[in-house]
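Take a look at the structure set out below.
Computed from a predicted model, the values in this text were never measured in an experiment.
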Amino acid sequence: MSFSSCLSHSPLTLKPIKPCGSVGKGQNFVFSFRSNWPELCNRHIVGSRRLQGNLPRVNLSGDWSFIGGSKIVMKPNATRLVHYPKRGQMQASCFIGTQLASTAFTAGTVAVLPFYTLMVLAPNSDLTKKSMESSLPYVVLGILYAYLLYLSWTPETVRLIFASKYLLPELPGIARMFSSEMTLASAWIHLLVVDLFAARHVFQDGLKNQIETRHSVSFCLFFCPIGILTHIITKAITKPATKEGHGV
């Protein structure tokens with residue numbers, strides 16, 4: 001819609017004319033007018049707004065005189081930014097939760113590596129034996145696991161664990177539960193503690209029966225059931241040979 005068509009449909013509100021001295025040659029009338037035609041134009045160009053995007057609202061004011069003509073000044077309104085504190089708090093909370101889960105995941109992994117390194121590289125060292133007799137790593141990792149479990153626990157967790165009518169876990173529910181990074185981090189710490197405990201048992205059993213355990217301990221770090229299985233096989237193969245050696 002053109003500017004002239006908008007003006008033709010808009011009523012003008014005029015203020016009383018204030019004469020500047022006597023009317024004569026070189027004199028002019030000056031008066032201001034304001035119009036509400038932008039709102040009317042906005043109604044006529046709704047369709048064009050949908051095609052061209054949202055247009056900013058403007059305030060128009062003008063001064064007119066017989067000599068100077070008219071001048072229209074368009075003043076756009078400043079856009080007001082609306083802040084949603086609740087949404088910001090939720091995003092900040094999610095960000096903090098993600099950072100905490102990532103930090104716990106990395107810290108737990110790094111914490112158990114020295115013990116596996118000692119059992120593999122120096123199994124007969126006094127430092128290795130004393131380290132594996134200590135319960136400190138299990139206490140620290142257990143506290144970390146309990147804290148992560150507390151943060152990840154929700155009322156929906158119980159329903160996801162006991163989803164079936166027989167109160168047994170189901171795979172879709174467990175998969176949904178572990179979609180949370182906090183829950184996944186707590187499960188990882190859980191695995192690290194159990195794997196280290198199993199590796200310590202394999203290591204100490206190997207020292208007691210004089211059985212090679214380096215390969216089994218290495219498997220316990222990433223594939224704990226396989227590490228236990230290889231230790232059982234190694235023990236079954238090595239024990240008869242050891243008895244024969246002692247008999248000779």
Side-chain angles (χ1 to χ4, degrees), residues 91-154 157-158 160-161 169 171-239 241-242:
Q91 292 177 352
S93 177
C94 291
F95 177 76
I96 293 174
T98 301
Q99 288 293 103
L100 178 59
S102 178
T103 302
F105 180 90
T106 304
T109 305
V110 173
V112 299
L113 289 179
F115 299 98
Y116 284 97
T117 302
L118 290 174
M119 285 187 289
V120 172
L121 298 182
N124 297 317
S125 172
D126 293 337
L127 176 62
T128 305
K129 296 176 181 179
K130 291 181 179 180
S131 299
M132 299 317 300
E133 290 175 358
S134 174
S135 300
L136 182 61
Y138 306 101
V139 173
V140 174
L141 292 176
I143 293 174
L144 179 60
Y145 167 73
Y147 179 64
L148 294 176
L149 184 65
Y150 168 75
L151 294 179
S152 63
W153 195 269
T154 62
T157 303
V158 178
L160 292 176
I161 295 176
L171 186 59
I174 297 301
R176 184 179 175 185
M177 183 178 67
F178 281 106
S179 62
S180 169
E181 292 185 355
M182 191 67 70
T183 304
L184 193 59
S186 66
W188 179 251
I189 300 299
H190 176 278
L191 292 176
L192 290 177
V193 174
V194 175
D195 292 352
L196 182 60
F197 188 83
R200 183 180 74 165
H201 176 76
V202 169
F203 171 76
Q204 291 178 342
D205 187 67
L207 291 178
K208 179 180 178 181
N209 295 282
Q210 298 180 353
I211 298 173
E212 179 61 48
T213 59
R214 298 182 183 184
H215 59 294
S216 300
V217 168
S218 300
F219 277 119
C220 286
L221 175 58
F222 297 106
F223 316 102
C224 186
I226 297 178
I228 297 174
L229 178 61
T230 56
H231 177 66
I232 294 174
I233 295 174
T234 304
K235 187 176 182 179
I237 295 174
T238 307
K239 200 169 183 180
T242 305

Quiz prompt | Side chain to side chain, Arg200 and Phe203, heavy atoms closer than 4.5 Å | solution = no
Quiz item: Say you draw a straight line from CD of Glu181 to OG1 of Thr183; how long is it, rounded to the nearest 0.5 Å?
Solution: 10.0 Å
Exercise. State, yes or no, whether a side-chain contact exists between Thr238 and Glu212 at a heavy-atom distance under 4.5 Å.
Key: no
Quiz item: Any donor and acceptor pair, going by atom type alone, linking the side chain of Asn209 with main-chain N or O of Asp205 inside 3.5 Å?
Solution: yes
Quiz item: How about Val193 and Val112: do any of their side-chain heavy atoms sit closer than 4.5 Å?
Solution: no
Practice problem: Please test Thr109 against Trp188 for side chain to side chain contact (heavy atoms under 4.5 Å, CB included), starting from the C-alpha separation and ending with a verdict. | Solution: CA-CA 9 Å; Thr109 305; Trp188 179 251; 2.8 Å; yes
Quiz item: Does Thr234 have any side chain to side chain donor-acceptor pair (under 3.5 Å) partners at least two apart in sequence or in another chain, and if so, which?
Solution: His215
Pairs under 3.5 angstrom only: tabulate donor-acceptor contacts from the side chains of residues 140-153 to other protein residues two or more places apart or in another chain.
from   : atom 1 : to     : atom 2 : distance (Å)
Ser152 : OG     : Leu148 : O      : 3.0
Ser152 : OG     : Leu149 : O      : 3.2

Quiz item: To the nearest 0.5 Å, what is the distance between CE (Met177) and OG1 (Thr157)?
Solution: 7.0 Å
Quiz item: If you measure from SG on Cys220 to CD1 on Ile226, what distance do you get to the nearest 0.5 Å?
Solution: 10.0 Å
Practice problem: Working to the nearest 0.5 Å, report the span between CD1 of Ile232 and CD1 of Ile211. | Solution: 11.0 Å
Quiz item: What heavy-atom pair brings Thr230 and Ser216 nearest, and what distance separates the two atoms?
Solution: OG1-OG, 3.1 Å
Self-check item: Rounded distance (nearest 0.5 Å) linking atom OG of Ser186 with atom CG of Leu191
Solution: 9.5 Å
Quiz prompt | Value rounded to 0.5 Å, distance of CG in Leu207 from CE in Met119 | solution = 10.5 Å
Quiz item: So does Phe197 have more than 12 non-hydrogen atoms from other groups sitting under 6.0 Å from CZ?
Solution: no
Quiz item: Any side-chain heavy-atom pair from Val158 and Ile161 closer than 4.5 angstrom?
Solution: no
Quiz prompt | Closest contact, heavy atoms only, Ala199 versus Tyr116 | solution = CB-CE2, 3.7 Å
Quiz item: Does Ser134 reach the main-chain N or O of Ser131 with its side chain, forming a donor-acceptor pair under 3.5 Å?
Solution: no
Quiz item: Can you tell me if Ser102 uses its side chain to pair, donor with acceptor, with the backbone of Thr98 under 3.5 Å?
Solution: no
Quiz item: Do the side chain of Thr128 and the main chain of Asn124 share a donor and acceptor less than 3.5 angstrom apart?
Solution: no
Quiz prompt | Residue pair Asp195 / Phe222, side-chain heavy-atom distance below 4.5 Å | solution = no
Practice problem: Answer yes or no: does atom OH of Tyr138 have more than 12 heavy-atom neighbours from other residues, nucleotides or ligands under 6.0 Å? | Solution: yes
